[in-house]
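Only a predicted model underlies this, so the values are computations on that prediction, with no experimental measurement involved.
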Amino acid sequence: MKNSMKLALCGMMAALSTVLLFLTGAAPVATLALPAIAGCLLIPVVVEVGLPWAFGVYGVCSVLGIFLAPDRQALLFYVLFFGHYPALFAVLGRIRSKALRYAAKLLVFNAAMALEVLLSVYLLGIPFESFAILGPLGPVLLAVLANVVFIVFDRALEGLIVQYLHRLHPRMAKILRGK
């Protein structure tokens with residue numbers, strides 16, 4: 001594939017991801033959904049162009065998001081987890097042991113979640129008490145629920161990747177190779 005085709009695909013995915021991050025201001029209830037969808041736009045980049053280009057698109061979208069995304073918490077979700085996870089999914093998928101693979105995925109998610117909370121409190125000024133809404137065990141309960149939701153998200157992402165490979169990859173390969 002020519003570099004111009006790679007660049008065009010990456011540019012389109014970066015533009016679409018950036019638009020989704022920008023829309024977080026118009027749809028504040030989508031603070032989690034829009035960054036997750038924006039991150040899923042990396043799937044074609046990983047499959048068709050490769051991991052280095054995918055991480056490049058993630059970097060471009062993160063920088064553009066700093067300037068254009070009105071919802072700072074949604075931007076943090078994108079930068080700390082959703083933006084790079086589809087590319088990282090490919091890297092972590094190389095771990096042969098299923099138990100080690102899920103342990104690594106959970107470690108990445110929990111590190112991102114902890115960093116999200118810290119940056120939300122100290123950078124965005126969200127009161128830490130808002131995380132303890134359910135009482136003293138609230139943060140622990142929220143962390144457990146977040147891990148369950150992450151496992152569901154991970155499985156859904158895997159299914160989305162499989163569907164992309166079966167349905168769209170053959171068509172995209174023909175388009176990108178000019179055949």
Side-chain angles (χ1 to χ4, degrees), residues 1-95 101 104-109 111-113 115-116 119 123 149-179:
M1 176 184 333
K2 296 179 182 178
N3 280 341
S4 60
M5 294 300 279
K6 291 178 182 180
L7 191 59
L9 177 66
C10 291
M12 288 188 318
M13 293 301 126
L16 287 171
S17 294
T18 303
V19 166
L20 288 172
L21 291 176
F22 179 73
L23 289 176
T24 59
V29 295
T31 298
L32 283 171
L34 289 177
I37 295 168
C40 288
L41 291 175
L42 276 186
I43 294 170
V45 177
V46 171
V47 173
E48 307 300 342
V49 184
L51 282 172
W53 288 78
F55 283 112
V57 169
Y58 158 71
V60 165
C61 293
S62 297
V63 170
L64 288 173
I66 290 169
F67 297 111
L68 299 173
D71 186 341
R72 294 296 172 200
Q73 193 167 17
L75 178 64
L76 277 179
F77 285 131
Y78 180 82
V79 170
L80 296 177
F81 183 71
F82 290 119
H84 64 79
Y85 189 71
L88 196 59
F89 186 92
V91 174
L92 295 174
R94 296 175 184 161
I95 300 173
R101 184 171 53 247
K105 289 178 178 185
L106 286 168
L107 181 66
V108 166
F109 172 73
M113 185 175 63
L115 193 54
E116 160 70 28
L119 289 174
L123 185 66
V149 170
F150 164 71
I151 292 170
V152 172
F153 171 76
D154 185 71
R155 299 285 301 193
L157 184 65
E158 182 179 353
L160 187 61
I161 292 167
V162 167
Q163 288 301 313
Y164 178 83
L165 289 171
H166 286 118
R167 294 176 183 239
L168 294 177
H169 173 61
R171 294 178 191 161
M172 285 295 288
K174 285 181 184 178
I175 290 170
L176 292 173
R177 286 174 180 70
K179 295 180 182 180

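At least one donor-acceptor pair under 3.5 Å links the side chain of R72 to the backbone N or O of I66. Side-chain atoms of Y78 do not come within 3.5 Å of backbone N or O of Q73 as any donor-acceptor pair.
Going from atom CD of E158 over to atom CZ of F89 covers 4.5 Å, rounded to the nearest 0.5 Å. To the nearest 0.5 Å, the span separating CG on L16 from CE on M12 amounts to 7.5 Å. Considering CG of L160 and CD1 of I43, their distance stands at 4.0 Å, rounded to 0.5 Å. Rounded to the nearest 0.5 angstrom, L41 CG and I37 CD1 are separated by 8.5 Å.
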Scan the side chains in residues 17-31 for donor-acceptor partners under 3.5 Å anywhere in the protein, sequence neighbours excluded, and list what turns up.
{"unit_1": "S17", "atom_1": "OG", "unit_2": "M13", "atom_2": "O", "d": "3.0"}
{"unit_1": "S17", "atom_1": "OG", "unit_2": "A38", "atom_2": "O", "d": "3.0"}
{"unit_1": "T18", "atom_1": "OG1", "unit_2": "A14", "atom_2": "O", "d": "2.7"}
{"unit_1": "T24", "atom_1": "OG1", "unit_2": "L21", "atom_2": "O", "d": "2.6"}
{"unit_1": "T31", "atom_1": "OG1", "unit_2": "P28", "atom_2": "O", "d": "2.7"}
{"unit_1": "T31", "atom_1": "OG1", "unit_2": "D71", "atom_2": "OD2", "d": "2.9"}

Before giving the answer on side-chain contact (heavy atoms from CB on, under 4.5 Å), spell out for L34 and F77 the whole-Å C-alpha distance, their side-chain angles and the decisive distance to 0.1 Å.
CA-CA 10 Å; L34 289 177; F77 285 131; over 6 Å; no

Test V60 against L64 for side-chain contact (heavy atoms from CB on, under 4.5 Å), laying out the working first.
CA-CA 6 Å; V60 165; L64 288 173; 3.8 Å; yes

Determine, step by step, whether L80 and L119 satisfy the side-chain contact (heavy atoms from CB on, under 4.5 Å) criterion, reporting the C-alpha distance in whole Å, the side-chain angles of both residues, the deciding distance to 0.1 Å, and the verdict.
CA-CA 10 Å; L80 296 177; L119 289 174; 4.0 Å; yes

Carefully, step by step, assess F109 and Y85 under the rule ring pair (Phe, Tyr, Trp, His ring centres under 6.0 Å).
CA-CA 9 Å; F109 172 73; Y85 189 71; 8.5 Å; no

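Between Y58 and H84, the ring planes lie perpendicular to each other; the angle is over 60°, past the 30° to 60° tilted range.
For the pair L76 and E116, the tightest heavy-atom approach, listed with the atom from each and the gap, is CB-OE1, 3.1 Å. Considering every non-hydrogen atom in both I175 and M5, the closest pair reads O-CE, 3.5 Å. Shown here for L42 and P86, the closest heavy-atom pair between the two residues is CB-CB, 4.1 Å. Heavy-atom minimum distance, L51 versus A90: CD2-CB, 4.1 Å. Among all heavy-atom pairs drawn from A104 and I95, the shortest one is CB-CD1, 3.9 Å. When every heavy atom of P44 is checked against every heavy atom of L9, the shortest pair comes out as O-CD2, 4.0 Å.
Exactly one residue among K174, Q163, E48 makes a side-chain hydrogen bond (donor to acceptor under 3.5 Å, both in side chains) with H169. That residue is E48.
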